[in-house]
Enquirer: 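Structure incoming, see below.
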Amino acid sequence: MAANNRRMSGKKGAQVGSGGQRRRGLEGKGPTPPAEARKGHKKNRIANVKAKQTARRPAPRGRGGKGTSEMVVGRNPVVEALREGVPATMLYVQQFIDNDERVREALQLAGERGGIHLMEAPRPELDRMTNGLNHQGLVLQVPPYEYAHPEDLAAAAYDEGQDPLIVALDGVTDPRNLGAVVRSTSAFGGHGVVVPERRAAGMTAGAWKTSAGAAARTPVARASNLTRALEAYKKAGLVVVGLAADGEVEVGDLEALGGPVVIVVGSEGKGLSRLVGETCDFRVRIPMPGGAESLNAGVAAGVVLYEAARRRA
């Protein structure tokens with residue numbers, strides 16, 4: 001009997017503490033993974049190649065930064081800014097203000113637009129906010145403008161399957177000229193405007209008003225160094241065309257305007273700076289039979305943008 005017990009104890013059987021391993025072994029392994037995830041499959045190899053190509057691409061550039069907030073003061077300027085769709089976050093109204101037609105219109109426009117908070121404030125507070133300017137009881141707060149990065153403009157055009165058409169401003173300090181250029185760029189199918197970070201006009205309320213709403217559709221980029229931004233455009237395949245009164249080519253003869261191009265416009269008085277002028281592939285002139293010495297930036301840009309749009313039609 002003892003021998004029989006020894007033989008029985010030698011047989012295999014369920015072991016204590018197996019943890020259900022045999023039961024799990026009988027379970028399925030789940031759904032079959034897609035071909036892209038199966039090692040050795042043709043689609044898996046293609047997916048791996050695409051992933052490596054994506055990893056080699058440069059990371060997206062940071063944004064061009066933000067401008068500074070701005071205050072539009074005075075009854076007429078505030079009403080005009082609201083009419084033209086200038087972005088705003090707050091309308092300050094003086095307590096016990098004389099409720100004339102302009103005040104009523106400002107309140108109505110702000111209410112209809114939505115997203116503009118109304119704040120009643122005593123006159124001393126408005127005086128402090130505006131550094132003593134004649135605000136007439138109305139102050140409109142304009143938020144900082146979000147600039148694009150210069151490379152974003154060309155990338156967006158290429159993504160749409162189009163040749164980039166960009167305008168760069170060199171030494172243009174009047175916000176109204178910037179607004180006019182933005183308006184012309186939008187009208188002729190351009191992809192954006194580039195301005196230098198220093199000693200140049202920015203997207204202020206005045207620029208917004210002059211753009212007549214085009215600033216909401218056409219991005220403005222800010223470059224820390226305009227010359228380097230133009231060199232980067234050249235490496236990306238764009239032709240840099242500078243406007244100059246003594247340019248070697250007339251604007252109507254430049255075939256390059258039909259392709260990827262950056263049009264560089266200088267200030268009315270000084271024109272293009274030396275380094276920017278040396279960076280240009282072509283320097284073109286606008287014939288003026290009337291004898292005018294120069295055109296302001298907005299008009300000059302409009303003339304060249306029209307020629308570029310005509311060649312692309």
Enquirer: If you measure from the Lys or Arg side-chain nitrogens to the Asp or Glu carboxylate oxygens, is any gap between K234 and E231 under 4.0 Å?
Expert: no
Enquirer: Taking the basic N atoms (NZ, or NE/NH1/NH2) and the acidic carboxylate oxygens, is any pair closer than 4.0 Å for E125 and R128?
Expert: yes
Enquirer: Can E255 and R311 be counted as an ion pair, charged N to O under 4.0 angstrom?
Expert: no
Enquirer: Quick one: side chain to side chain contact (heavy atoms under 4.5 Å, CB included) partners of M90, sequence neighbours excluded?
Expert: Y92, H117, M119, Q141
Enquirer: Please write out which residues are connected to L275 in a hydrophobic cluster, directly or through intermediates, given that two of Ile, Leu, Val, Met, Phe, Trp, Tyr count as joined at side-chain heavy-atom separations below 4.5 angstrom.
Expert: none
Enquirer: Rounded to the nearest 0.5 Å, what separation is found between the CZ atom of R104 and the CG atom of L109?
Expert: 13.0 Å
Enquirer: If hydrophobic residues (ILVMFWY) are linked whenever their side-chain heavy atoms come closer than 4.5 Å, directly or via other members, who joins L272 in its cluster?
Expert: L153, Y158, I166, V194, L226, L230, Y233, L238, V240, V262, V264, V276
Enquirer: Could you check whether any side-chain N or O of H191 sits under 3.5 Å from a backbone N or O of L165, counting only pairs where one atom can act as donor and the other as acceptor?
Expert: yes
Enquirer: Would R285 and E248 pass as an ion pair if we require N to O under 4.0 Å?
Expert: no
Enquirer: Any donor and acceptor pair, going by atom type alone, linking the side chain of S211 with main-chain N or O of W208 inside 3.5 Å?
Expert: yes
Enquirer: Using the side-chain contact (heavy atoms from CB on, under 4.5 Å) rule, pick out the option among T130, V78, L91, L133 that qualifies with V139.
Expert: T130
Enquirer: Do other residues, nucleotides or ligands put more than 12 heavy atoms under 6.0 Å from the CZ atom of R312?
Expert: yes
Enquirer: Is there a path from V73 to L140 through hydrophobic residues (I, L, V, M, F, W, Y) whose side chains come within less than 4.5 Å of each other?
Expert: no
Enquirer: Should we say atom CD of E160 is surrounded by more than 12 heavy atoms from elsewhere, each under 6.0 Å from it?
Expert: yes
Enquirer: Between D170 and K270, is the closest basic N to carboxylate O distance under 4.0 Å?
Expert: no
Enquirer: Is there side-chain contact between L178 and T210, with heavy atoms separated by less than 4.5 Å?
Expert: no
